[in-house]
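Taking it in order: structure first as structure tokens, then the write-up.
By convention here, the first residue in the shown sequence is residue 1.
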Amino acid sequence: MNREKLYKLGFPLLAAGMLLFALTFVLVRPERKPEAPVLGPVNSAFVNRVAGIGLVEPRSENIAIGTQLPGVVSKVSVAVGQKVAAGDSLFTVDSRDAKAQLALAQARLESARVERADLKHQLGMFERVSDRRAISEDELSRRRYASQLANAKVKEAEAQVEVYQTELDRLDVKAPIAGTVLKVDVRPGEYVNGGSAERPYVVLGDVDVMHVRVEIDETDIPRVDIKAKAVASLRGYGDKKVALNFVRKEPFILPKRSLTNDGNERVDTRVQQILYSFDNSNLQSFSGQQMDVFIETGSLVSGFGAKP
């Protein structure tokens, strides 16, 4: 009997207590004021426009440096952010074997030159003999042939020296242009593969002037005029805009890459890439950053941006 009264009174009291707790939590909870976003949305300065996503890159594009010959890296001569001139050493592959082969080839060349000089001297003595009865024509011909053969051996030895010298130069990987080292992904003692590698060992670029590579959807390509104004801002910093200068249009239309990690992913949009240059002194952008690009448009134009 007491248990039935407890059930009849306990459940209503429990429900009333939970209701009182909920009301107290709602009334006592401090009001949270809406916070302004740290980075505002991107706003275009043009009424009629074409928008695209751009990728910052050096004027020279990113140059992926590899090595022609495999081996163990003996020295890395540059660091990230370092400026280099054309022909400066970036890293060196172990060249001890090539140096030994070069020294051996140089010794053989010197021996071949001495032998050629000796045979040439002997031939000269035979040819200066006035009395041809003192030496037979066969002997003279044999001496001339030996001299020609010695000369050929010298040329062969010189070519062998040049081969090993070239191999030694190829083991010292040099900068193809003057620029800035953007990435170093190789260390002394690491084995590097010759030819095509899975990753670039050094990335080099001319960052004195920066470019932005914009992808324009194929449906918007006819609306883009190369003489139109264009502005861009770094992703997340829409209040800092920079004017763009047209560089060139890539004539090849590419599939748009929008990866979602779907195994059955399909690409149904194609894009044209347009390159613009801009003053990087205020933005201080880096290669690989994304930019929001807006290109002013008027009425629909025909072709690839040329007004009819």
| note | Taken in chain and number order and not counting sequence neighbours, the residues that satisfy side-chain hydrogen bond (donor to acceptor under 3.5 Å, both in side chains) with T92 are D172
| remark: Those residues at least two apart in sequence (or on a different chain) that pass side-chain hydrogen bond (donor to acceptor under 3.5 Å, both in side chains) with S281 are D279
When clusters are formed by joining ILVMFWY residues with side-chain heavy atoms under 4.5 Å apart, either directly or through shared neighbours, do [X] and [Y] land in the same one?
X    : Y    : result
I63  : F91  : yes
V80  : V78  : yes
I53  : Y237 : no
V93  : L168 : no
V214 : I221 : yes

| request: Please test F246 against K227 for side chain to side chain contact (heavy atoms under 4.5 Å, CB included), starting from the C-alpha separation and ending with a verdict. | output: CA-CA 8 Å; F246 176 79; K227 298 180 181 179; over 6 Å; no
So, taking the atom named [atom1] in [X] and the one named [atom2] in [Y], what distance separates them when rounded to the nearest 0.5 Å?
X    : Y    : atom1 : atom2 : result
R49  : D220 : CZ    : CG    : 11.5 Å
L234 : Q290 : CG    : CD    : 10.5 Å
S285 : N280 : OG    : CG    : 3.5 Å
L55  : R235 : CG    : CZ    : 10.5 Å

Identify, with sequence neighbours excluded, every residue that meets salt bridge (charged side-chain N to carboxylate O under 4.0 Å, His left out) alongside [X].
X    : answer
D169 : none
E215 : none
D88  : none
K153 : none

| task | Could you tell me whether a side-chain N or O of S60 sits under 3.5 Å from a main-chain N or O of D206, the two making a donor and an acceptor? | result | yes
| message | Using only atom types and a distance under 3.5 Å, with no angle test, would you say the side chain of E250 pairs donor to acceptor with the backbone of Q272? | response | no
| request: Evaluate the criterion side chain to side chain contact (heavy atoms under 4.5 Å, CB included) for residue pair K240 and S233; output intermediate values, then yes/no. | output: CA-CA 6 Å; K240 295 182 179 180; S233 60; 5.7 Å; no
Within the structure provided, determine whether [X] and [Y] are in side-chain contact (heavy-atom separation under 4.5 Å).
X    : Y    : answer
L204 : P176 : yes
D217 : V271 : yes
R187 : V73  : no
E167 : L69  : yes
I216 : I295 : yes

Can you list everything that forms a side-chain contact (heavy atoms from CB on, under 4.5 Å) with [X]? Sequence neighbours excluded, please.
X    : value
V247 : H211, L275, S277
D94  : R96
F286 : Q289

How close do [X] and [Y] get, heavy atom to heavy atom, and via which atoms?
X    : Y    : answer
A85  : A175 : O-CB, 3.7 Å
A243 : F278 : O-CB, 3.7 Å
A232 : V293 : CB-CG2, 3.9 Å
V76  : P188 : CG2-CD, 3.7 Å
I226 : K249 : CG2-CE, 3.6 Å
N62  : P58  : OD1-CD, 3.0 Å

| Worked check of side chain to side chain contact (heavy atoms under 4.5 Å, CB included) between I65 and Y201 | CA-CA 6 Å; I65 305 295; Y201 301 119; 5.9 Å; no
Side-chain donor/acceptor pairs under 3.5 Å, residues 177-186, sequence neighbours excluded:
from : atom 1 : to   : atom 2 : distance (Å)
T180 : OG1    : K83  : NZ     : 3.3
D185 : OD2    : R199 : NE     : 2.8

| remark: For residues 60-81, the salt bridge (Lys or Arg N to Asp or Glu O under 4.0 Å) pairs (sequence neighbours left out) are E61-R213, E61-R248
Does atom [atom1] ([X]) have a neighbourhood of more than 12 heavy atoms from anything else shown, all under 6.0 Å?
X    : atom1 : result
E156 : CD    : no
E162 : CD    : no
K174 : NZ    : yes

Scan the side chains in residues 97-117 for donor-acceptor partners under 3.5 Å anywhere in the protein, sequence neighbours excluded, and list what turns up.
from : atom 1 : to   : atom 2 : distance (Å)
Q101 : OE1    : Y164 : OH     : 3.4
R113 : NH2    : E158 : OE2    : 3.3
R116 : NH1    : N151 : OD1    : 2.9

